[in-house]
Amino acid sequence: MIDFNIFKNISQIPSREIISGFHGRMIHTEAMTLAFWEIEQGAKLPQHHHIHEQTSYVLEGKFEFTVNGETKVVEKGDFIVIGSNI
């Protein structure tokens, strides 16, 4: 969990390859996760869920994403808000 009494730059959070082709920097709080992803072309994310809400914002590129049965191509400027356990 993040220390709410400090300021950080996203570069201070190490990038980890969470799933093959998905490199992420995560900020976790008690109620949500803010995810910064770098995704390799052609990488596939298996269906999953987590206990925190998640918000993702597309800085560049585009990809197909499915949330709760709804599939959409998201691209630069789009954001995704995913509720807890969806």
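As a basis for the values below, the full set of heavy atoms in this structure was taken, side chains included, without hydrogen atoms, waters or symmetry mates.
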So CD1 of I13 and CZ of F36: to nearest 0.5 Å the spacing works out to 7.0 Å

Residues that, via side-chain heavy atoms closer than 4.5 angstrom, fall in one hydrophobic cluster with I19 = I18, F22, M26, W37, I39, L45, V58, F63, F65, V67, V74, I80, I82, I86

Q12, CD atom: more than 12 neighbouring heavy atoms under 6.0 Å | yes

Output for pair (K76 NZ, E60 CD), nearest 0.5 Å, gives 7.5 Å

Supply the atom-to-atom distance S15 OG to R25 CZ, rounded to the nearest 0.5 angstrom.
-> 5.0 Å

How close do A43 and S20 get, heavy atom to heavy atom, and via which atoms?
-> CB-O, 3.9 Å

Rounded distance [0.5 Å steps], CD in E40 versus CD in E17 = 6.0 Å

Nearest 0.5 Å, what's the CG-NE2 distance between N68 and H49?
-> 12.0 Å

